[in-house]
*Asks:* 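Provided herewith is a single structure, encoded as structure tokens, for subsequent inquiry.
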2 protein chains.
Amino acid sequence: MKRIELSKGQVIQRKGDLNSKVYHVESGLLRSYSIDEKGKDHIFMFAPEGWIMADNVSPDQPCDLFIDALEDSIVIQKTKDLDLTHEIQKLIKRIQVLQKRVIMLLSAPAIERYEHFIQTYPDIVQRVPQKMIASYLGITPQALSTLRGEIARK
Amino acid sequence: MKRIELSKGQVIQRKGDLNSKVYHVESGLLRSYSIDEKGKDHIFMFAPEGWIMADNVSPDQPCDLFIDALEDSIVIQKTKDLDLTHEIQKLIKRIQVLQKRVIMLLSAPAIERYEHFIQTYPDIVQRVPQKMIASYLGITPQALSTLRGEIARK
DNA sequence: GGTATGCATTCATGTAGATTAACAAATCCC
DNA sequence: GGGATTTGTTAATCTACATGAATGCATACC
């Protein structure tokens with residue numbers, strides 16, 4: 001548990017870093033974001049004073065997001081708790097999944113979202129009609145059908 | 001805490017219902033979804049056996065999502081805990097925000113997402129450049145500039 | 001104080017995915 | 001088992017938003 005003063009523009013966490021921390025923002029403003037393969041950044045969240053900022057990955061995983069300060073800020077840095085209750089672990093897991101989904105919706109075209117979906121939930125794909133997968137992905141059933149045609153053709 | 005057998009197609013929770021519950025799926029498959037003003041549905045999540053399904057709203061708020069069974073299912077229904085730790089409440093709050101964001105990305109055009117953002121985070125709008133708001137919304141700075149022009153003109 | 005650098009705006013053009021419609025295939029169900 | 005309903009496919013057209021480029025304004029920096 002450490003108090004850190006950040007100046008505007010300072011990056012405190014990068015994609016791939018280990019030991020991702022939790023930051024309680026005392027003053028200022030933080031941002032977390034991903035950078036896609038074209039170099040475009042996609043902001044996941046803003047955290048002004050009073051908010052918690054964290055990359056929602058397991059404590060032992062490399063993190064997905066960059067975090068930096070948009071204003072001079074003061075934060076309390078904490079290590080992620082390891083002895084969490086089962087209930088809290090499940091909630092964090094759920095946040096991770098949602099974080100990934102938001103980032104995909106912001107940055108990936110439908111075809112990549114579909115491929116990610118079938119990799120992540122292969123059994124669901126078998127059990128629900130395609131139009132529901134389209135609905136989950138945020139596209140129409142017609143568009144999904146066309147995408148699948150393109151995938152099959154290559 | 002109650003065991004419930006559901007038949008395929010059965011709706012167990014509707015938007016606007018109070019006392020939203022938590023469902024532990026023992027067998028089968030549940031789905032949660034919203035319906036937009038045009039009648040299109042947008043699937044928020046699937047929950048097969050072993051998963052937890054819940055509309056992530058405070059126990060005293062009307063719920064946002066519909067939940068139904070995509071297969072004959074057996075679930076354990078629990079009431080939402082009221083005496084949660086502060087930490088868990090914060091996590092749930094965060095899930096609510098992400099749930100809303102996913103639904104908006106799935107169903108609302110950029111202009112509505114922008115209007116929702118400025119209502120929800122009016123101070124952030126003042127503190128960051130527009131291009132970052134565009135990045136948060138999932139559009140380009142040029143598109144946001146055009147939208148703002150349209151809003152101003154009306 | 002002048003000149004880089006970043007930000008917002010506007011416009012022309014391109015494109016992913018929506019919409020509409022028609023039809024084929026699967027599935028439900030009495 | 002056969003008609004009805006739901007699902008998936010294909011194709012033509014349309015639209016929201018992306019891309020790229022040019023311009024005017026700030027703000028930052030020697």
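Order of the sequence lines fixes the chain letters, A, B, ..., with proteins taken first and strands second; residue numbering starts at 1 for each chain.
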*Asks:* Assign the ring pair B:F66 / B:Y33 to parallel, tilted or perpendicular, where the plane angle (0 to 90°) is split at 30° and 60°.
*Replies:* parallel

*Asks:* OP1, OP2 of C:dA18 versus side-chain N and O of A:T140: anything below 4.0 Å?
*Replies:* yes

*Asks:* Measuring only between side-chain heavy atoms, which start at C-beta, is B:H24 closer than 4.5 Å to B:V75?
*Replies:* no

*Asks:* Within the 4.0 Å heavy-atom criterion, would you say A:P129 contacts the bases, only the backbone, or no part of the nucleic acid?
*Replies:* sugar-phosphate

*Asks:* Can you measure A:K131 atom NZ to C:dG17 atom P for me and round it to whole angstrom units?
*Replies:* 21 Å

*Asks:* Are A:D41 and A:R31 close enough for a salt bridge, meaning some N to O gap below 4.0 Å?
*Replies:* yes

*Asks:* Closest nucleotide of DNA chain D for B:A143 versus for A:R148: which of these residues is on the 5' side?
*Replies:* A:R148

*Asks:* Rounded to the Å, how far apart are B:K38 NZ and C:dT20 C1'?
*Replies:* 14 Å

*Asks:* Using a heavy-atom cut-off of 4.0 Å across all strands, would you classify B:G138 as base, sugar-phosphate, or nothing?
*Replies:* sugar-phosphate

*Asks:* Taking atom P of D:dT9 as reference, at what distance in whole Å does atom CZ of A:R153 sit?
*Replies:* 11 Å

*Asks:* Check whether any side-chain heavy atom of A:I88 sits under 4.5 Å from a side-chain heavy atom of B:I88, and report yes or no.
*Replies:* yes

*Asks:* Distance check needed: D:dA16 P versus A:I139 CD1, whole Å only.
*Replies:* 19 Å

*Asks:* When the distance from CG of A:D41 to C1' of C:dG6 is rounded to whole Å, what number comes out?
*Replies:* 14 Å

*Asks:* Just the rounded figure in Å: distance from P of C:dA25 to CD of A:Q130.
*Replies:* 16 Å

*Asks:* According to a strict under-4.0 Å criterion, is A:K40 in side-chain N/O contact with OP1 or OP2 of D:dT19?
*Replies:* yes

*Asks:* Do the non-hydrogen side-chain atoms of A:Y121 and B:F46 ever get within less than 4.5 Å of each other?
*Replies:* no

*Asks:* Measure the distance from CG on A:L105 to P on D:dC17 and round it to the nearest whole Å.
*Replies:* 14 Å

*Asks:* Output the rounded distance in Å from CG (A:L144) to C1' (D:dT9).
*Replies:* 11 Å

*Asks:* Is any side-chain nitrogen or oxygen of B:Q142 closer than 4.0 Å to OP1 or OP2 of C:dC7?
*Replies:* no

